[in-house]
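Here is the structure we will look at.
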Amino acid sequence: MEHVRCPHPAMVVNVETESDVAITVKYCASKGIPFVAQNGGVGWAATFDLGAYGVLIDLARLNQVTFNADKTRATIGGGARINETIAHASAAGALVETGNCNCVGALGAILGGGYGNLMGLYGFGVDNVVSMRVVTADGRIRDVTAASDADLFWALRGAGPNLGIVTSAVVKSYPVSQAGMLAWTGSLIFTPDKLEQVVQAIQDLELKPEMNIFLYFGTPPRDGLPLPVYMPSGRPRIAQPCSPTSRGTRAVTAFALPGGRKPSYTVAMQNLVPSTWRQVWDKYVEFQKLPTAENSVVLMEAYSLTKARSFGSGSAAFSHRDVNFNAVIILWYSDVALDDRAQVVGKAARDLWKATDGLARDATYINFAHGDEPLDVVYGDSLSRLRDIKHRIDPKDNFNQWFNIK
Ligand SMILES: Cc1cc2nc3c(=O)[nH]c(=O)nc-3n(C[C@H](O)[C@H](O)[C@H](O)COP(=O)(O)OP(=O)(O)OC[C@H]3O[C@@H](n4cnc5c(N)ncnc54)[C@H](O)[C@@H]3O)c2cc1C
């Protein structure tokens, strides 16, 4: 079932220290045993294949998050989740650029790029990394900085899981007052007939650094389109294209909940084309009516990207700074008989988006990718340099579970 794969290890190693990680990696590499690290455990790509005797290295106990005295640097353990990282940041009185959902691994998200609520202010997760402690296939624990190994430092920030296990990373942090930790977030709900107008309004919206906006097709569709808006400070003034049926805060489909089958298909876009979104809506509604499929969701994210683009397109291996939007369809169901149907609908939605994505060539955010995308779509212009670095750092291709660069 290529489109709903997750790691099925023969053994789980619960590491307590980075030496445990080094010993486990060295042993597995020397014996040719497939292995993979797990941080938040929500990586959904269909690229995992541990075979019959693979090992999962669970980093959960490496979940320490500490701050330096003036709170300008945070050290995030390789097993810390986003909720743990934010709880420590909040206690310290600092902001740290993480992804948005509690359950996700903080470094799991950052190593692929790292979209998050603060990126309009501080850039992508990769832009905030100062140094990393990394276990490579030879069992060495390396301190990697731009000065110690510029190539590896560049490559880890976009393709980290292909090169080693990051046991901890030092990232920039931003001290704030109590008031600076407050954010405004809310949602507007529209009836489905407003879809084109809503999509066009998001396309036309000029996001300020403090803002981001998501569009969901949520459950059930008769409730309309929830449109969450996030602002770290103050209320956004969005010229509303049409009247929402409700405003305020509201729970939207929680696709972070465990369980079920959730094959996901994604695409990056330069433009949002309303008629394309209508076609995707029709496919979504049709699938969502099927038994057990009512929690399926479509999600589109838009962030303010000016700050992130100021770091430069080649500054990290993450290579899709130029795209404006990411869209994902998550077909969520429990009936195995729907697997094939979900695959057809997911691919069809992706094809529809791709046909009008406005990009010169296809692009996909690695952390949202399905797993069947060509490597140049995932890694973009970084692929050839990544291959050279991969051959130097992991010549036997032991780190081969995540969009493997051979
Ligand atoms: C509910 C939800 C919300 C999300 N929100 C965001 C978001 O706001 N921003 C965003 O950018 N992405 C987001 N994502 C995507 C997320 O970044 C990816 O799913 C990511 O791969 C998850 O990382 P993880 O550590 O949780 O998963 P895992 O399955 O543990 O890891 C995924 C891959 O990364 C590798 N990996 C993880 N940690 C390390 C490490 N320390 N060293 C080396 N390799 C490692 C693993 O080996 C695996 O190959 C979201 C995903 C979900 C399901």
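Whatever order the structure lists them in is the order used to number ligands and atoms, beginning at 1.
Near Trp44, with a cut-off below 4.0 Å to any heavy atom, the atoms of ligand 1 are 51 (C), 52 (C), 53 (C). Heavy-atom contacts of Gly99 reach the following atoms of ligand 1: 7 (C), 8 (O), 9 (N) (cutoff under 4.0 Å). Atoms of ligand 1 found under 4.0 Å from any heavy atom of Gly78 (numbered from 1 in listed order, with element): 41 (N). If you number the atoms of ligand 1 from 1 as listed, the ones under 4.0 Å from a heavy atom of Tyr115 come out as 7 (C), 8 (O), 9 (N), 10 (C), 11 (O). In the vicinity of Pro161, heavy-atom distances shorter than 4.0 Å reach the ligand 1 atoms 34 (O), 35 (C), 44 (N). Of all atoms in ligand 1, listed by their number and element, those nearer than 4.0 Å to a heavy atom of Asn39 are 25 (O), 30 (O), 37 (C), 38 (N). Near Ile165, meaning under 4.0 Å from any of its heavy atoms, are these atoms of ligand 1: 42 (N), 43 (C). Annotation for ligand 1: atoms under 4.0 Å from non-hydrogen atoms of Gly164 are 43 (C).
The closest approach between a heavy atom of Gln38 and any atom of ligand 1 is below 4.0 Å. The closest approach between Gly160 and ligand 1 stays at or above 4.0 Å for every heavy atom of the residue. Remark: distances from the non-hydrogen atoms of Gly41 to ligand 1 include one below 4.0 Å.
Side chain to side chain, Asn404 and Asp397 meet the donor-acceptor criterion of an N or O pair below 3.5 Å. No hydrogens or angles considered: nothing links the side chains of Thr98 and Thr85 as a donor-acceptor pair under 3.5 Å. A side-chain N or O of Tyr333 and one of Asp339 form a donor-acceptor pair less than 3.5 Å apart. Under 3.5 Å, the side chains of Asn63 and Glu84 contain a donor-acceptor pair of N or O atoms. Judged purely by distance below 3.5 Å, without hydrogens or angles, the side chains of Arg321 and Ser315 pair a donor atom with an acceptor atom.
When all heavy atoms of Pro7 and Leu50 are compared, the closest pair comes out as CB-CD1, 3.8 Å. The heavy-atom pair separating Asn100 from Gly116 by the smallest distance is OD1-CA, 3.3 Å. Between Lys406 and His391 the shortest heavy-atom distance is C-NE2, 3.5 Å.
Residue contacts with ligand 1: Val104 is placed with no nitrogen or oxygen under 3.5 Å of a nitrogen or oxygen of the ligand (distance criterion only). Geometrically, ligand 1 and Val36 share no nitrogen or oxygen pair separated by less than 3.5 Å. Residue Tyr303 places no N or O, backbone or side chain, under 3.5 Å from any N or O of ligand 1.
Summarising the contacts of atom 41 (N) of ligand 1 with Asn326, Val166, Leu299, the nearest heavy atom is found in Val166. Here atom 45 (C) of ligand 1 lies nearest to Leu111 when heavy atoms of Leu111, Leu56, Val21 are compared. Taking all heavy atoms of Phe48, Trp402, Phe368, Phe35 into account, the minimum distance to atom 6 (C) of ligand 1 is reached by Phe368. Proximity annotation for atom 3 (C) of ligand 1: of Ala45, Gly125, Cys101, Cys101 comes nearest, heavy atoms only.
Relative ring orientation between Tyr284 and Trp281 is described as tilted, the plane-to-plane angle lying within the 30° to 60° band.
Looking at Val144 and Leu156, their side chains come closer than 4.5 Å, going by heavy atoms from C-beta outward.
Salt bridge status for Arg385 with Asp151: present, with a side-chain N to carboxylate O gap under 4.0 Å.
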